[in-house]
Amino acid sequence: MKKFSAFVLFLFPFFAFSFCDLSFQGAAFAESYLDDSIKNFGVSADNMYLTSLSVLNELNYEILEMQSASGYILFRTGAKDYIMTVSATTPVTSAIKIMPANSIYSTGSTVQKTIFEALELNKLNILKKQG
């Protein structure tokens, strides 16, 4: 019995270290996913909200629900639902965050990148109309 206890005590630090290492990797993935999911724009929140609706429609994503007062849009791409929130950081700048509706971050951020690229292209049209 003493040999078994000594063996367990000998192996415990290795198992504990590998478990901690996995949790740090998960935290790093979540942090990079969050970085890819948020973007700031030099356009007012109202204009970005309307532009976001236009971009989602242009990309043929199914819009399930929208709320202009709180600035969120619930949409579906294939079998996965996402929530896009548009918030004002200043009167002339806004931030957009796109996250999975079920809070499962297992897939990549290609949806976010596609939407942000389309918003960047449309942002130039908004700025031309304002200026």
Side-chain angles (χ1 to χ4, degrees):
M1 185 68 172
K2 287 184 179 181
K3 288 183 181 181
F4 180 73
S5 298
F7 182 71
V8 170
L9 288 175
F10 175 73
L11 289 179
F12 179 74
F14 296 108
F15 288 122
F17 178 73
S18 63
F19 177 74
C20 291
D21 188 42
L22 289 176
S23 66
F24 288 135
Q25 289 174 355
F29 174 75
E31 185 178 331
S32 70
Y33 190 93
L34 189 59
D35 288 342
D36 293 339
S37 300
I38 300 172
K39 186 160 175 97
N40 294 319
F41 291 92
V43 178
S44 70
D46 293 336
N47 286 335
M48 280 312 294
Y49 180 80
L50 295 174
T51 304
S52 298
L53 283 173
S54 173
V55 164
L56 292 175
N57 189 36
E58 179 183 309
L59 293 171
N60 293 323
Y61 294 154
E62 180 183 0
I63 297 174
L64 303 173
E65 186 177 332
M66 56 187 175
Q67 179 84 37
S68 61
S70 60
Y72 83 86
I73 305 166
L74 179 64
F75 65 97
R76 178 174 291 149
T77 64
K80 190 155 185 178
D81 295 347
Y82 290 89
I83 290 182
M84 175 189 287
T85 55
V86 181
S87 57
T89 53
T90 68
V92 293
T93 61
S94 58
I96 294 182
K97 180 168 63 171
I98 305 170
M99 301 296 285
N102 60 1
S103 298
I104 297 175
Y105 310 112
S106 60
T107 60
S109 57
T110 55
V111 171
Q112 290 90 336
K113 288 178 184 176
T114 303
I115 293 171
F116 288 146
E117 287 173 1
L119 286 171
E120 279 292 331
L121 292 173
N122 284 305
K123 180 183 84 166
L124 298 174
N125 292 333
I126 294 171
L127 293 174
K128 286 179 187 176
K129 290 178 185 177
Q130 288 178 350

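Source: prediction; values computed, not measured. FYI, side chains are in, hydrogens and waters are out, and symmetry mates aren't considered; it's all heavy atoms of this structure.
Note: Ile73 CD1 to Ser68 OG = 9.5 Å, rounded to the nearest 0.5 Å. With rounding to the nearest 0.5 angstrom, the CG atom of Leu121 is 12.0 Å from the OG1 atom of Thr51. With rounding to the nearest 0.5 angstrom, the CG atom of Leu50 is 8.5 Å from the OG atom of Ser44. A distance of 12.5 Å separates CG in Asn122 from CD in Glu117, rounded to the nearest 0.5 Å.
Here the side chains of Val111 and Phe75 are in contact, with some heavy-atom distance below 4.5 Å. Put simply, the side chain of Ile38 reaches to within 4.5 Å of the side chain of Lys97, judged on heavy atoms. Side-chain contact check for Thr114 versus Tyr61: some heavy-atom pair is nearer than 4.5 Å.
The same ILVMFWY cluster, assembled from side-chain heavy atoms under 4.5 Å apart, contains both Leu64 and Ile83. A chain of hydrophobic side-chain contacts below 4.5 Å, direct or via other Ile, Leu, Val, Met, Phe, Trp or Tyr residues, connects Leu53 to Leu119.
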Would you list the atom pairs, donor with acceptor, under 3.5 Å between side chains in residues 84-96 and any protein atom, with sequence neighbours excluded?
residue, atom, partner, partner atom, Å
Thr89, OG1, Thr93, O, 3.3
Thr89, OG1, Thr93, OG1, 2.5
Thr90, OG1, Val92, N, 3.4
Thr90, OG1, Thr93, N, 3.1
Thr90, OG1, Thr93, OG1, 2.6
Thr93, OG1, Thr90, N, 3.2
Ser94, OG, Val43, O, 2.9

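Considering all non-hydrogen atoms of both residues, Ile115 and Val55 come closest at O-CG1, 4.2 Å. Summarising the geometry of Gln112 relative to Ile98, their closest heavy-atom pair is NE2-O, 3.2 Å, with the distance given to 0.1 Å.
Applying the ring-ring contact (aromatic ring centres under 6.0 Å, His included) test to Tyr49 and every residue at least two apart in sequence or in another chain returns nothing.
Annotation: salt bridge (charged side-chain N to carboxylate O under 4.0 Å, His left out) contacts involving residues 44-71, sequence neighbours excluded, comprise Glu62-Arg76.
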